[in-house]
Number of protein chains: 2
Amino acid sequence: MEKMPVRAENLFASFPQLRAELEQMKVAHHFRTGGIIFRAGEIPLGLYIVQEGLCKLEAISECGAAHTLRLVGPGGVLGYRSLFADEPYHASAIAVENTDVYFIPKVEVMHLFHKHPEVTLRFLSHLAKDLRAAETKWIHQIDKGAPQRVAESLLFLSEKFKHANWTRREIAQWAGTTTETVIRTLAQFEKEDLVAQAGREIKIIDRERLIERAEI
Amino acid sequence: MEKMPVRAENLFASFPQLRAELEQMKVAHHFRTGGIIFRAGEIPLGLYIVQEGLCKLEAISECGAAHTLRLVGPGGVLGYRSLFADEPYHASAIAVENTDVYFIPKVEVMHLFHKHPEVTLRFLSHLAKDLRAAETKWIHQIDKGAPQRVAESLLFLSEKFKHANWTRREIAQWAGTTTETVIRTLAQFEKEDLVAQAGREIKIIDRERLIERAEI
DNA sequence: CGTGTTATTGAAGTGTATCAAATTGCGTGG
DNA sequence: CCACGCAATTTGATACACTTCAATAACACG
């Protein structure tokens, strides 16, 4: 299975001095579950650093379906792709659970880059890894079946964050399939003793074989 | 239709001084059609700037199918994603037609970044746009049908480069489908007077309606 | 002039989306 | 605290677009 890297480290967190500088310029915001940090189409004015909680980047396709592009947990950064590309956001950022973020204005980011070139390189590396993840996702969408993608998603999401209950819909939006297919696949996995479902909860029982299931 | 941006400009090309520096360190290589610039799994040692010709980044999936991730023409750069992510290449770079490239060792690149921070930002922007393209491709894979993706691919590929004859297989590998489906779709498009096929050549007749066809 | 790649066509199978309808679970307000 | 209402879940039936496999034809290239 392609391991989707979970990078929880703060992109800015290395230098004590840097941390102090950030303290100066940051603006704290709180969002409750479902809250919208920014919307597709808006112009990026800066970056959002996730302090606590979990956010998803959600794109609505032309036919009205929602797809989850990326997930960002504590230490992660929101809004950098559009900011650096100098484009409007092409996805919305939504809090999956109660979330605290710090906003850093664009000028401050640029100033930071100027003062600490290593940070720029850090972002370069980060974007490069995101690009790989996205390209891998495309390939898997092509030549893996829905069950494999669901297995993969279960593994990834469970590792990514203890966000207790991923709904079947959320899993579907991450896996690139429909809610119904996720449900039927989970039923099948349960029959094979790979997972156990208690109400809405999903528990992975046999991680080993689930990994195999994601690969076949 | 999502416009996949064609960025032919050289990422390094802005400053005369920079150009001069590049001249110093570059190493020229030539590849004929089908030649392999680098292979998936190898460790990146630097960047390749495409001077003349056209290259594709091709990933072979677990089940043995080839998929075209990106295309890079004159002025474009090969191998930056893996270099910046500090990972082995996850795709191979292959010359689609006779191609001249310049190789720039990693140390030189880093030195360049150090000396000209704006160049780093240029790459940041470039990667950000590639990421968007990849995410868009994933979404389209999910909720567009094969004919729409073929239409989209025809438009993109014809704009991207006058690389005279894209084979049906190459189109399929870009569109995320099979050769047979491309063939049948082209036959359908021909019946609708959107394209004309003369032997292996494909000519777009009604660009307007083909764009519509990619959107439906 | 052969030999391998590319193109073409046909038949068959199947995985998944889609639609619809019933049920469960959860939060909220009365 | 219970009841209500809405969202999430579940199940079934149906349709069909696309892949897959196979076999032939056309073409390019050495």
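Letters go in sequence order (proteins before strands), and every chain restarts at 1.
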Of all the choices, [options], which nucleotide is nearest to the side chain of [X] once you look at every atom?
{"X": "A:Pro147", "options": "C:dT18, D:dC18, C:dT16", "result": "C:dT16"}
{"X": "A:Ala146", "options": "D:dC18, C:dT16, C:dT6", "result": "C:dT16"}
{"X": "A:Arg200", "options": "C:dT16, D:dA7, C:dC19", "result": "D:dA7"}
{"X": "A:Arg169", "options": "C:dT8, C:dT18, D:dA8", "result": "D:dA8"}

Practice item. Give a yes/no on whether any side-chain N or O of B:Arg168 is located under 4.0 angstrom from OP1 or OP2 of C:dA7. Key: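 The answer is yes; a side-chain N or O of B:Arg168 sits under 4.0 Å from OP1 or OP2.
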Review point. So does A:Thr178 get a side-chain nitrogen or oxygen closer than 4.0 Å to the phosphate oxygens (OP1/OP2) of C:dA17?
Key: yes
Rounded interatomic separation in angstrom, taking [atom1] from [X] and [atom2] from [N]:
{"X": "A:Glu201", "N": "C:dC26", "atom1": "CD", "atom2": "P", "value": "10 Å"}
{"X": "A:Ile142", "N": "C:dT16", "atom1": "CD1", "atom2": "C1'", "value": "17 Å"}
{"X": "A:Lys191", "N": "D:dT10", "atom1": "NZ", "atom2": "P", "value": "14 Å"}
{"X": "B:Asp143", "N": "C:dT18", "atom1": "CG", "atom2": "P", "value": "9 Å"}
{"X": "A:Gln188", "N": "C:dG15", "atom1": "CD", "atom2": "P", "value": "12 Å"}
{"X": "B:Asn165", "N": "D:dC27", "atom1": "CG", "atom2": "P", "value": "13 Å"}
{"X": "A:Glu180", "N": "C:dT23", "atom1": "CD", "atom2": "P", "value": "18 Å"}
{"X": "A:Lys144", "N": "C:dT16", "atom1": "NZ", "atom2": "P", "value": "13 Å"}

Exercise for review: Please check if atom CZ in A:Arg207 has more than 12 non-hydrogen atoms from other residues, nucleotides or ligands closer than 6.0 Å.
Suggested key: yes
Practice item. Can you establish whether the number of heavy atoms outside A:Glu42 located under 6.0 Å from its atom CD is more than 12? Key: yes
Point to revise | Pair B:Tyr102 and B:Tyr48, ring centroids less than 6.0 Å apart | key: no
**Study point:** Output field: ring centroids B:Tyr80/B:His126 closer than 6.0 Å
**Key:**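 Yes.
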What contact category does [X] fall into here, base, sugar-phosphate, or nothing, at under 4.0 angstrom with non-hydrogen atoms?
{"X": "A:Arg184", "result": "base"}
{"X": "B:Thr177", "result": "sugar-phosphate"}
{"X": "B:Thr181", "result": "base"}

Exercise for review: For A:Gly145 and for B:Ile183, find the nucleotide of DNA chain C with the closest heavy atom, then tell me which residue's nucleotide is more 5'.
Suggested key: B:Ile183
Review point. Taking 4.0 angstrom as the limit, do B:Lys129 and A:Glu87 come out as a salt bridge?
Key: no
